[in-house]
Structure formats: C-alpha cells, structure tokens
Amino acid sequence: MQLIALCPFGLEKLTRDEVKALGLKVGGQAAGKVFFEGGWDAILKANLHLRTAERVLAVLGTFPAGDFDQLFEGTTSLPWEEWLSPHTTIVVEKVKTYKSKLTSIPAVQGMVQKAVFQRLCDRWGLRSLPQVGPVTGLRVYLEHDRALAAVDTTGPALHNRGYRKNAGEAPIKENLAAALLLFSGWRRKYPLYDPLCGSGTILAEALLFAFDIPPGLRRAFAFEHLVPHVALDWKILKDEGRAKIDTSHRVRICGSDKDLRVLEAARQNLDRLELDVKVQLEHLSMEEARADRVGAGDDAGFLITNPPYGERLNDRPHAENLSRQMRHFSRTFPGWKLGVLTSLETFPAQIGLEAYVVRNLVNGPLPVKYYQIQL
Ligand SMILES: C[S@@+](CC[C@H](N)C(=O)[O-])C[C@H]1O[C@@H](n2cnc3c(N)ncnc32)[C@H](O)[C@@H]1O
C-alpha cells in the first residue's frame, strides 16, 4: 500500500530519513510529502515514531479526474468500506488541486463526499450514513487531471504529542522543535540550552529524543477508528516502544526565560512527560546567560532557540535588539553551536556572526530560516 507522511516544507529530508530508519521502504518525495510503502503495521509505526511529520495518509487509489463524472466514478470504484466504519463521521477535510481542469475545491469536496457516501450506502445497505462518532478525514489531491484519494490515519496533527497543555506566546510546533534538534546535530551527550525557552517545547522534544521516547505514545489516533484496527496489535507496538525507552543516560538540558509565567508552563509541560529527570529552568534574561550559569560544566554544547520574530511592527526593535545581544554568546558560550529559528530577515546582519548552516523552512504560515553558527 502506498502511504504518505506529510511534513512542513523544508523537513522532507528529515522525515524521509526517519521513515527509512523505521525500516520502511521510501519512494519519492514532493514538497511537504514523503511517499513510502507498507501495510497496516507501517501506519502504526509511522504514527507512533515520526518526530518531524504532520500526519500519515493511506492512499486508497489514483484515477483520472478530468471532469466530475470521472471524479465520481473513480471515487466510487475505491474500496472505502474496507477502511471506513459506520461508527465514524466521514468528512472530506482537504482537497488540493494543481494544474487540473477541476479547480473548485468545494465542488470537488462535495462530489467526492457524494461518491464515497453512495459506495458506502450500497455496501452497507443503508439509505443514508449515520455520521456519528469520531471524525475520519478523507483527502483528495488533484494533479494534472489525476486524483489521489487517501484516508487520514492520524487525526489531530502529529505535533500534538499530548504533553503541551500550557503555552506562552508563539510556541513552536513540537515537530518543528524536533526538526531543529535533528538539523543541529545535537546528541544527548552534549549540553543543550534554550535561553528563550517559553513553554519548553525544544527542551521537551530533546528529552523525547535523548531517551528514545516515541512521540506518539501518549495520544489517540484516527486509525483507532478505522476498520483494520486491532487494539491488541497497537498495544503490542506501544509496549515495544516503551521497552526501548532508556532514561539512564545523563543529560544536561536546560532552559531560561525572562517571563516567570511561561517558565511555570514549561515546568508543567515537562512534568507531563513523567520522567524522573531534572531539567534546569532558570528565570533569567537572555543577556545574563552564561555557560557556567546553566550547569554545562566545561563542555561546549548547543544553544537552540526560537526567539520572538518581531512580526508586528512594534515588536521589531525588540527582536532586532535580541539578535544583536546574541552576538555576545561567542564570549559567554565559547565553542558552542548556536541554532536560531527566525523570520527576521535582518538577523544575520544584526548578530554579525556567520552561519555555516542556513535552512529555509516554514513555521505555520511564516517563511522562516534556521541559522547555525559556530561560537
Ligand atoms: C517565541 S517565544 C519562544 C517559544 C518557545 N519556543 C515555546 O515553544 O514556547 C520567545 C520567548 O522569548 C522570551 N524572551 C523575550 N525576550 C527575552 C529576553 N530578553 N530574555 C529572556 N527571554 C526573553 C519570551 O518571554 C518568550 O517566552
């Protein structure tokens, strides 16, 4: 079966490597999509383990869809009843069209819904669908007059790990935070410090990564309501994941922020991971941070952070000033690597230090860049 891991733009290579590392067969990739092959177990594995992906789709089929008749026929020819249960609410939640004659998203959505409902009513001997229970999302991508129809196996996007109930302003998504750690080359033997840690997402993702904790262990998934789901298989896979967690490694992960309120949120989020590990959180302004204050000892480590971007005009001077202040890290954190995710185009000029890695990414709707600098 063809499967797709959706991911934010710029993370395709990381997601692809993660899929490969799960022992799954990777196919091609496109912007925000990594194609791979596998059976039901691959769906479970990918949802449980992928740190950088957004969701996992199971492709039911592709077919010509140059007009509405073809779209209807192609959709009704797919074996929806093998996937969808009458105990869920079936919604065509996403349609994208690219270089195709059918361009109206609501019209495509309506036609696909009609076709799926007709097939299911025929197979189930019903006049209308009950449309009760949790939502099962369907997706249709039209490209060059061909449609690809898929079932969403994830539900709420994968970045919803379940540990972050409290957030400050502009929290980074969990999968993007995980991506920064992977891009940076950080490993658990190195100190890690986020001097603008907000609600602690980068720190929490570092803990999951350091101890090999599957990010999907503590949440529910849409696949639990699909026909092929067998609760026992899912339990076994999660138990295997749990068995591989190793919290005996010594880690030095710390964060600070000038806002006491968000630090409290960070503490609660980290506590929700229920790990018997102390993460140092300091109430500190970034300008006061020094390697010896954050318990790093003499070892050089990684400063990875997501500062305020100054997107609103009034906030820009603060964001620029913070970028200038980061220049002093070369004195206060000598030998460390600094990784910064920002949309501030003047960041390189403000910090005045050369980045040896620059990656174009997106943070929600915003184009951002990840800079990595050797201090
Ligand atoms: C974009 S948020 C970080 C969000 C964080 N990555 C998360 O996931 O919640 C930026 C953080 O920088 C903090 N901050 C701004 N200026 C600061 C300064 N001079 N010193 C320390 N923290 C500061 C804010 O309080 C805010 O929590």
Side-chain angles (χ1 to χ4, degrees), residues 8 11 51-52 157-184 186 192-209 215 253-273 279-291 293-294 302-312 314-329 332-333 338-344 346-347 350-351 361-372:
L11 302 194
R51 298 181 191 282
T52 58
L158 286 174
H159 68 83
N160 297 286
R161 320 279 205 220
Y163 65 75
R164 194 170 75 187
K165 302 266 192 270
N166 312 53
E169 246 183 70
I172 186 173
K173 278 191 186 157
E174 293 83 338
N175 59 336
L176 190 52
L180 300 191
L181 292 164
L182 294 172
F183 276 140
S184 74
W186 176 75
L192 175 78
Y193 174 47
D194 180 354
L196 305 148
C197 73
S199 53
T201 317
I202 294 173
L203 312 176
E205 288 301 311
L207 286 173
L208 296 184
F209 182 41
I253 295 176
C254 46
S256 60
D257 202 286
K258 67 171 187 189
D259 181 346
L260 205 49
R261 222 171 21 91
V262 297
L263 279 177
E264 185 48 37
R267 174 59 67 208
Q268 288 171 8
N269 292 336
L270 293 168
D271 283 352
R272 242 173 250 116
L273 293 175
V279 171
Q280 191 185 338
L281 291 178
E282 297 276 341
H283 184 212
L284 204 65
S285 96
M286 191 198 81
E287 296 80 346
E288 299 168 273
R290 287 196 319 261
R293 284 191 80 159
V294 299
F302 289 70
L303 275 157
I304 300 188
T305 198
N306 168 227
Y309 299 165
E311 278 296 315
R312 281 177 301 199
N314 289 350
D315 301 337
R316 205 178 160 96
H318 175 229
E320 295 202 322
N321 184 43
L322 268 184
S323 309
R324 278 196 297 281
Q325 294 302 322
M326 284 185 191
R327 186 180 302 191
H328 303 306
F329 285 150
T332 49
F333 290 84
L338 169 65
V340 179
L341 184 78
T342 182
S343 68
L344 190 68
T346 59
F347 174 78
Q350 301 291 348
I351 192 165
L361 307 173
V362 292
N363 185 357
L366 274 185
V368 289
K369 282 190 165 75
Y370 174 71
Y371 299 91
Q372 191 152 306

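For the single chain, residues carry numbers from 1 onward in sequence order. We count ligands from 1, going down the list as the structure has it; atoms in each ligand are counted the same way.
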With Tyr163 as reference, evaluate Asp271, Leu270, Leu273 under the side chain to side chain contact (heavy atoms under 4.5 Å, CB included) test and give the passing residue.
-> Leu273
Arg327 CZ: over 12 foreign heavy atoms closer than 6.0 Å =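 Enclosed: over 12 neighbouring heavy atoms sit under 6.0 Å from CZ of Arg327.
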Okay, side chain of Arg51, backbone of Ala177: is any donor-acceptor separation there less than 3.5 Å?
-> no
When you measure from the side chain of Glu282 to the backbone N and O of Ser256, does any donor-acceptor pair fall under 3.5 Å?
-> no
Distance, nearest 0.5 Å, that separates CE of Met326 from CD of Glu287 | 9.5 Å
Does Arg272 have any side chain to side chain donor-acceptor pair (under 3.5 Å) partners at least two apart in sequence or in another chain, and if so, which?
->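 Applying side chain to side chain donor-acceptor pair (under 3.5 Å) to Arg272 gives Asn166, Asn269.
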Quick one, list the residues around ligand 1 where some non-hydrogen atom comes in under 4.0 Å, by chain and residue number.
-> Glu169, Ala170, Pro171, Ile172, Pro195, Leu196, Cys197, Gly198, Ser199, Thr201, Asp257, Lys258, Asp259, Val262, Leu284, Ser285, Met286, Glu287, Asn306, Pro307, Pro308, His318, Leu322
